Amino acid sequence: MTTDTPAAAPKSMDAIMALCKRRGFIFQASDIYGGINGFWDYGPLGAQMKKNLREAWWQDMILNPAWGRKGPNGERVKCVPVETRIIQHPKVWEASGHVGGFNDPMTMCKTDGCKKLMRSDHIWVARLVKEADWRSYAGRQAQWEASGGREWRRAFFGLLFQGKRLSEEERRDLNLIMSISASERPSYPADFKVSTIAGSREEAIAIFEAMELPAKVRKMIEKDQYMLERVYRFADPIEDDGKTPCPSCGTAGSMTEPKAFNLMFPTIIGATGDWESNKAYLRPETAQGVFLQFKNVVDSTRVRIPFGIGNTGTSFRNEVTPRNFTFRSREFEQAELEFFCHPSESFEWYKFWRDFRMQWWQSIGLAGENLILREHDKDELSHYSVGTSDVEYRFPFTAPGYGELEGIAHRGDYDLTQHQKHSGTKLDYFDTTRGETLPNGSKKGERYMPHCIEPAAGLDRGVLALLCEAYTVDASRPSPELLKLHPRIAPIKAAIFPLMDKDGMPEVAEKLYDELFAKFGKTGFIEMDAKQSIGKRYARMDEAGCPYCFTIDQETLTAQTVTVRDRDTGKQDRIALDKVAAFLGEKLG
RNA sequence: GCGGGCGUAACUCAGUGGUAGAGUGACAGCCUUCCAAGCUGUACGUCGAGGGUUCGAAUCCCUUCGCCCGCUCCA
């Protein structure tokens, strides 16, 4: 999320959510049971709209990638699809780094008025100890060990562990003995701590060095000759005395124990499975399925690098705080392409996809200045990524900032290398178009690990952005609320209205409906409505985002023409009845 | 997880301890009319849920669930 340009007139998220429910775009999951936090269902219009978005992605990324453009290599871009499972071998997620990486321990400050929530591994602590005390402690510690304290303790272990398991009772006794033994050791010298939030040890030390300490503390440090004993992460196992100050408010000892927030959704395989031996995970991204089948696709399909493999489907993340309507759902759908190429061409391909993906979102209705392409700063990049850009949309709830719609990442060879290492299966590629030319004119070939460019889009976020962008309030219209959805995305493609429900108009409408349904019924809904006033029918279609309404009136019966009403302008034109299908076909693209 | 706000019909909301309401929408009929028009009628409620106080709770108290905002995380 970034912040720069000032916000346009903000749209009301409450009004958008109300319309979504009223017209059947989005409902809360398990609504009649009071809802379930972080899950949303799609109603009839929402389901069709999301399908249209997914279809558009599939057409423009798999069947006709990048609209038939030629890539940096001068050739037509080639992509194939896969469909991989939500549940994979548990080791997949260790290899991908999700099990470790998504296990961010969090710490909160208990002080009233602060209550700041932080990632424990981002909190760095500098421990300062009185130099004199420290030397004395180190000396006495050595003395204690020399006097046989350590051996005495070891002897206990030997006795108790000899050939038998410890009962609960024995374990308690041992702990008691251990604590007595520990009390005889020299105590750790009194210390003084400062803390800060930083991404690395170097950064933390730089902050500590530049830190403006209160005069009183500075004097104390000088007088007693404190020395920096060590710098450690709050999350690391340490002998912490619970007196670490909060990096935000400075209150000592107000930090809670690091608590793991596991973003992976665990599950059990098998009807009688138990957690220990049959634990599996619901995927946090569809991308890994592509890497897992990379070798099979190469071996079974006549694909040559460079080429892409696309995958769409549901993913799961146990978000800390699912919020902002469907923006951060715990269950969400992704549309991801993994594009494999030679390392030397990877940066060109990265730029190619980054620019195309931006244009693509613009082409389906996010054409305004609410959409931006943002290149990540160096310090934002993942450890494996050479470059990453986000396509970001200024949602009403992020304004004046932006929220991520799609990330285009240069992942290098990280994923294939990881899976090769963890699975023990070779995943490198033999490229027969490279290497030195042999006497017979063919190439010697080159073996390498392909690099990967990943445009990864969130379809639910896409739908939400399209709805937010389309939502318009125009008080000067008889129907002030409307959805200016792009015809390609709109769930209702056209509506046919007999002006009056008599005089042969319904019959003409019926015929037109049959024709349009046959031609466009597979792209979305075609509606026919003869009830109530014409204004009411137009207004209903405006709210549902239907781009065109065709009305049959008296003149249709005599002159064979209908009026076509444009949703966005409200303007009407007369066109020939037999030209309606051609008109609509052109508009729907 | 912590803090703040909210929860009454499909939607917007009124109702502060005494029979659950209004407008809009939906549906049916009439009217026949190019922009939420008019008339008639119909249906619609676990007052978010559970417990407590009370003769009596939408209303007061406790607990809980959900939504919105902030800290934080991400596609």
Side-chain angles (χ1 to χ4, degrees), chain A residues 1 12-15 17-24 27-40 101-102 104 106-119 122 197 248 256 259 261 263 284-287 315-330 332-336 390-392 397 403-409 454-462 464 477-482 497-503 505 530-543 549 551-555 562-565 567 570-572 574:
Chain A
M1 226 183 267
S12 156
M13 209 54 218
D14 286 345
M17 288 170 71
L19 189 148
C20 281
K21 181 171 186 186
R22 189 165 70 241
R23 289 296 169 196
F27 304 130
Q28 196 174 7
S30 304
D31 198 8
I32 60 170
Y33 282 88
I36 177 165
N37 194 351
F39 297 88
W40 299 87
F102 276 26
D104 301 328
M106 305 294 284
T107 299
M108 201 186 63
C109 175
K110 286 181 281 194
T111 306
D112 286 336
C114 182
K115 301 281 185 189
K116 199 175 161 66
L117 183 69
M118 294 154 286
R119 272 180 61 169
H122 285 177
I197 295 174
S248 184
T256 60
K259 189 180 169 186
F261 277 56
L263 269 57
E285 62 172 28
T286 53
S315 295
F316 299 83
R317 290 183 196 180
N318 251 324
E319 294 294 340
V320 178
T321 312
R323 235 180 258 178
N324 288 329
F325 204 21
T326 60
F327 185 73
R328 190 170 288 126
S329 303
R330 288 189 162 129
F332 59 102
E333 183 167 359
Q334 296 180 298
E336 299 193 282
D390 285 344
V391 176
E392 298 186 333
F397 49 80
E404 186 176 350
L405 269 190
E406 169 160 351
I408 300 101
E454 176 192 86
L459 291 182
D460 302 271
R461 289 184 173 187
L464 184 59
R477 292 169 58 119
S479 53
E481 269 184 305
L482 67 152
F497 300 150
L499 189 60
M500 287 172 274
D501 200 8
K502 62 171 195 182
D503 296 344
M505 293 181 201
K531 300 275 183 191
Q532 292 178 321
S533 79
I534 190 71
K536 221 172 240 191
R537 284 179 271 169
Y538 284 148
R540 246 198 302 255
M541 285 301 127
D542 284 347
E543 272 199 356
C549 298
T551 303
I552 282 89
D553 57 12
Q554 289 291 343
E555 219 177 313
V562 298
T563 58
V564 50
R565 173 184 176 277
R567 175 198 61 205
K571 272 175 62 182
Q572 292 182 54
R574 281 210 90 81

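Everything quoted here is computed from the prediction, not taken from an experiment. A, B, ... follow the sequence lines: proteins, then strands. Residue 1 opens every chain.
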Check your understanding: Does A:Phe39 have any side chain to side chain contact (heavy atoms under 4.5 Å, CB included) partners at least two apart in sequence or in another chain, and if so, which?
Key -> A:Ala29, A:Ile36, A:Phe265, A:Arg330, A:Glu331
Exercise for review: Mind telling me whether A:Phe497 and A:Tyr538 have parallel, tilted or perpendicular rings, with 30° and 60° as the class edges?
Suggested key: tilted
Review point. When we call it a touch if two heavy atoms are under 4.0 Å apart, what does A:Leu19 touch: a base, just sugar-phosphate, or nothing?
Key: nothing
Review point. What pairs with A:Ala335 under side chain to side chain contact (heavy atoms under 4.5 Å, CB included), at least two apart in sequence or on another chain?
Key: A:Trp57, A:Thr312, A:Leu459
Practice item. Summarise how protein sits on nucleotides 63-68 of chain B as a single string, 5' to 3': B when a protein heavy atom is under 4.0 Å from the base, S for sugar-phosphate-only contact, - for no contact. Key: ---SSS
Exercise for review: With sequence neighbours left out, write down each residue that passes side chain to side chain contact (heavy atoms under 4.5 Å, CB included) with A:Glu481, or none if nothing qualifies.
Suggested key: A:Ala15, A:Leu19, A:Arg22, A:Tyr471, A:Val473, A:Glu543
Review point. Between B:C11, B:C35, B:A75, which nucleotide gets closest to the side-chain atoms of A:Gln572?
Key: B:C35
Point to revise | Check: A:Arg565 side chain, B:C35 base, donor-acceptor under 3.5 Å | key: yes
Point to revise | nucleotides 24-31 of chain B: protein proximity per nucleotide (B base, S sugar-phosphate only, - neither; heavy atom, under 4.0 Å) | key: -SSS-S--
Review point. Partners of A:Phe397 by ring pair (Phe, Tyr, Trp, His ring centres under 6.0 Å), sequence neighbours excluded?
Key: A:Phe327, A:Phe395
Revision key, fill the gap. Out of B:A36, B:A75, B:C35, minimum distance to the side chain of A:Glu543 belongs to B:A36
Review point. Which residues pass the side-chain hydrogen bond (donor to acceptor under 3.5 Å, both in side chains) test with A:Thr563, sequence neighbours left out?
Key: none
Practice item. Between A:Arg330 and A:Ala539, just flag the one whose closest nucleotide in RNA chain B comes earlier from the 5' side. Key: A:Ala539
Point to revise | For A:Asp501, side-chain hydrogen bond (donor to acceptor under 3.5 Å, both in side chains) partners two or more places apart | key: none
Practice item. For A:Ser329, report the nucleic acid contact type (base, sugar-phosphate, nothing); a contact means any heavy atom under 4.0 Å. Key: base
Practice item. Select base, sugar-phosphate, or nothing to describe what A:Gln334 touches, counting heavy atoms under 4.0 Å on all strands. Key: sugar-phosphate
Exercise for review: Identify whether any heavy atom of A:Gln554 sits under 4.0 Å from a base atom; if not, whether one sits that close to sugar-phosphate; answer base, sugar-phosphate or nothing.
Suggested key: nothing
Practice item. Examine the base of B:C74 for any acceptor or donor lying under 3.5 Å from a partner atom in the side chain of A:Arg328, and report the outcome as yes or no. Key: yes
Exercise for review: Taking only the side-chain nitrogens and oxygens of A:Lys21, find out if one of them lies under 4.0 Å from OP1 or OP2 of B:C11.
Suggested key: yes
Exercise for review: For A:Gln532, enumerate each residue passing the side chain to side chain contact (heavy atoms under 4.5 Å, CB included) test, keeping only those at least two apart in sequence or located in another chain.
Suggested key: A:Lys536, A:Arg540
